[in-house]
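Before we start, here is the structure in question, set down as structure tokens.
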Amino acid sequence: MQTMFSFGQSAALRTIQDRLRGVFGPIRDAKRLDPLSQFVRSFLGSKTYDRRSWDAFLRLTQTYKSWEAVADAPVQEVEETLRHVTFAEAKAADLVLALQKIRARAGTLNLDFLAGLAVPTALVWLEQIHGVGRKIAAATLNFSSLRKRAFVVDTHVLRVMQRFGFVKPNADNQAVYDAVMSACESFDADDLYELHWYLKGLGQKTCMPYRAHCETCALSDLCLKRVQEDAVAVTRSRRVGV
Ligand code: SF4
């Protein structure tokens, strides 16, 4: 696909990673959940603040002895456990159904078998489950103990990559995923993990939805939005003879 950054997408990714490592420090490892637990964790995280979805995940694990028990629980009971996440009613029903579907399709309620599948195949397998898009599927593969090469795109990552010019301004999550994956041949799964958290952190702290603090951004000299705004400012100042 056609993307906008000009000096080489692969070099751009490495530069972004290096610059943001200077800001946030190395994020080379983290405690990993097993693939099914990460799937549930990511499922709950959709359109919900991380803290709330993490709390809901912990409540689920404290309330039920196993994911099998969640799959067999009454939806209303699961909904009560998830009450603070966004769309708790729909999420509870979808989660119970998703777990039942995994059990039926895999023959057991376990996603460890994904380790033996190529990433594109594993993504398709997961995305056939109702409520599962590329973000949940990629997080299951990359964030879990599977450590597969899949890049997770959330709203913060999407916004930064659009403004930076890595993709077009109207690109969607899938387009960012495709652009990054086609440009990251030298990145291993841990690099992709780190890149996700760097871009998310930048989106939360600096390149925010309603205000981009470009003056303090480590990427400002490379960023298309910043370059365009500087060009507009220069044109304006010439017009008024400053
Ligand atoms: S320079 Fe500004 S617009 Fe570009 S990534 Fe940084 S904060 Fe966002």
Would you compute the distance between atom CZ of Arg163 and atom CD of Glu229 and round it to the nearest 0.5 angstrom?
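Arg163 atom CZ to Glu229 atom CD measures 9.0 Å (nearest 0.5 Å).
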
Backbone N/O of Thr155 and side chain of Lys135: donor-acceptor pair under 3.5 Å:
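Here the side-chain-to-backbone pair does not exist.
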
Test side chain to side chain contact (heavy atoms under 4.5 Å, CB included) on Arg19 and Asp221; report intermediate values, then the result.
CA-CA 11 Å; Arg19 292 270 186 100; Asp221 60 317; 2.8 Å; yes

Would you verify whether the NZ or CZ of Arg226 falls within 45 degrees of the ring axis of Phe164 while also being under 6.0 Å from that six-membered ring's centre?
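Geometry flag: not set, cation outside 6.0 Å or 45°.
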
Looking at Leu123 and Ala137, what are the two nearest heavy atoms and their distance?
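For Leu123 versus Ala137, the nearest heavy atoms are CD2-CB, 3.7 Å.
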
Could you tell me if the ring centre of Phe113 sits under 6.0 Å from that of Trp125?
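Yes, the ring centres sit under 6.0 Å apart.
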
Glu194 and Arg21: side chain to side chain contact (heavy atoms under 4.5 Å, CB included), yes or no, with the steps?
CA-CA 9 Å; Glu194 189 174 59; Arg21 186 178 287 141; 2.5 Å; yes

Among Asp34, Leu141, Leu126, which one satisfies side-chain contact (heavy atoms from CB on, under 4.5 Å) with Leu111?
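For Leu111, the side-chain contact (heavy atoms from CB on, under 4.5 Å) check succeeds only for Leu126.
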
In terms of side-chain heavy atoms, does Thr81 have a donor or acceptor partner in Glu77 at a distance below 3.5 Å?
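There is no such pair between these side chains.
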
If every non-hydrogen atom of Leu13 is compared with every non-hydrogen atom of Met161, which pair is closest and at what distance?
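Distance-wise, the nearest heavy atoms are CD2-CE, 4.0 Å.
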
For a quick test of reading the model, state the closest non-hydrogen atom pair linking Pro35 to Ser144 and the distance between them.
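So the minimum-distance heavy-atom pair works out to CA-CB, 3.7 Å.
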
4.5 Å side-chain heavy-atom contact, Gln100 and Val96
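They are in contact (side-chain heavy atoms under 4.5 Å apart), so the answer is yes.
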
Membership question, hydrophobic clusters at under 4.5 Å side-chain separation (ILVMFWY): are Val78 and Trp54 in the same one?
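Yes: a chain of side-chain contacts under 4.5 Å links Trp54 to Val78.
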
Which is it for Arg147 and Asp188 under the salt bridge (charged side-chain N to carboxylate O under 4.0 Å, His left out) test, yes or no, and what are the steps along the way?
CA-CA 9 Å; Arg147 292 175 185 269; Asp188 63 18; over 6 Å; no

Looking at Thr140 and Ser42, what are the two nearest heavy atoms and their distance?
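Smallest interatomic distance, heavy atoms only, reads N-OG, 4.5 Å.
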
Supply the atom-to-atom distance Gln17 CD to Ser186 OG, rounded to the nearest 0.5 angstrom.
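Spacing of CD (Gln17) from OG (Ser186) equals 8.5 Å.
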
With Asp172, which residues qualify under salt bridge (charged side-chain N to carboxylate O under 4.0 Å, His left out), at least two apart?
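Asp172 satisfies salt bridge (charged side-chain N to carboxylate O under 4.0 Å, His left out) with no other residue.
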
Less than 4.5 Å apart, any side-chain heavy atom of Arg59 and any of Leu44?
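They are not in contact (no side-chain heavy atoms under 4.5 Å apart), so the answer is no.
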
Would you call Asp55 and Arg51 a salt bridge, using N to O less than 4.0 angstrom?
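So Asp55 pairs with Arg51 through a salt bridge.
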
State, with a plain yes or no, whether a side-chain heavy atom of Arg103 is found less than 4.5 Å away from one of Glu68.
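Result yes, sub-4.5 Å side-chain heavy-atom pair found.
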
Can you confirm whether Phe151 sits close enough to Asn142 that some side-chain heavy atom of one is under 4.5 Å from a side-chain heavy atom of the other?
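Result no, sub-4.5 Å side-chain heavy-atom pair not found.
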
Between CZ of Arg41 and OG1 of Thr61, what distance do you get to the nearest 0.5 Å?
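Answer for the CZ-OG1 pair, Arg41 versus Thr61, is 11.0 Å.
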
When rounded to the nearest 0.5 angstrom, what is the spacing between CD in Gln174 and CG in Leu158?
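Between Gln174 CD and Leu158 CG, I get 12.0 Å after rounding to 0.5 Å.
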
Does the Lys101 side chain pair with the main chain of Gln128, one donor and one acceptor, at a distance under 3.5 Å?
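Such a contact is found between Lys101 side chain and Gln128 backbone.
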
Under a 4.5 Å side-chain heavy-atom rule over Ile, Leu, Val, Met, Phe, Trp and Tyr, are Phe39 and Leu58 clustered together?
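Yes; Leu58 is reachable from Phe39 via cluster members.
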
Main-chain N/O of Glu80 paired to Arg83 side chain as donor or acceptor, under 3.5 Å
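Indeed, once roles are kept as given, a pair shorter than 3.5 Å links the two residues.
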
Could you measure the distance from the OG atom of Ser145 to the CG atom of Leu33? Nearest 0.5 Å is fine.
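CG of Leu33 is found 8.0 Å from OG of Ser145.
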
Can Leu146 and Arg32 be said to form a side chain to side chain contact (heavy atoms under 4.5 Å, CB included), step by step?
CA-CA 9 Å; Leu146 291 172; Arg32 304 293 181 131; over 6 Å; no

Common cluster, Val70/Val75, ILVMFWY with side-chain heavy-atom separation under 4.5 Å:
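Yes, same cluster.
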
Check: Asp178 and Val167 side chains under 4.5 Å, non-hydrogen atoms
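Side chain of Val167 against side chain of Asp178, heavy atoms only: no contact under 4.5 Å found.
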
Do the non-hydrogen side-chain atoms of Arg134 and Val153 ever get within less than 4.5 Å of each other?
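Counting from C-beta outward, Arg134 and Val153 never come under 4.5 Å.
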
Atom NE2 of His156 and atom CH2 of Trp197: how far apart are they, to the nearest 0.5 Å?
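CH2 of Trp197 is found 10.0 Å from NE2 of His156.
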
Salt bridge check: are Arg149 and Asp191 linked by an N-O gap of less than 4.0 Å?
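Asp191 and Arg149: not salt-bridged.
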
Compare all side-chain heavy atoms of Phe166 with those of Val176 and state whether any distance is below 4.5 angstrom.
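With C-beta onward as the side chain, the pair stays apart.
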
Do Leu97 and Leu99 belong together in a cluster built from hydrophobic side chains that touch within less than 4.5 Å?
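Leu97 and Leu99: separate clusters.
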
Gln76, CD atom: more than 12 neighbouring heavy atoms under 6.0 Å:
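At most 12 heavy atoms, drawn from other residues, nucleotides or ligands, come within 6.0 Å of this atom.
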
Do you know the tightest heavy-atom contact between Leu20 and Ala218?
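The pair with the smallest heavy-atom distance is CD2-CB, 4.3 Å.
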
Minimal non-hydrogen separation, Ala98 against Ile129, with atom names:
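Result for this residue pair: CB-CG2, 3.6 Å.
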
Side chains of Tyr198 and Ile27: closer than 4.5 Å at any heavy-atom pair?
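Result yes, sub-4.5 Å side-chain heavy-atom pair found.
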
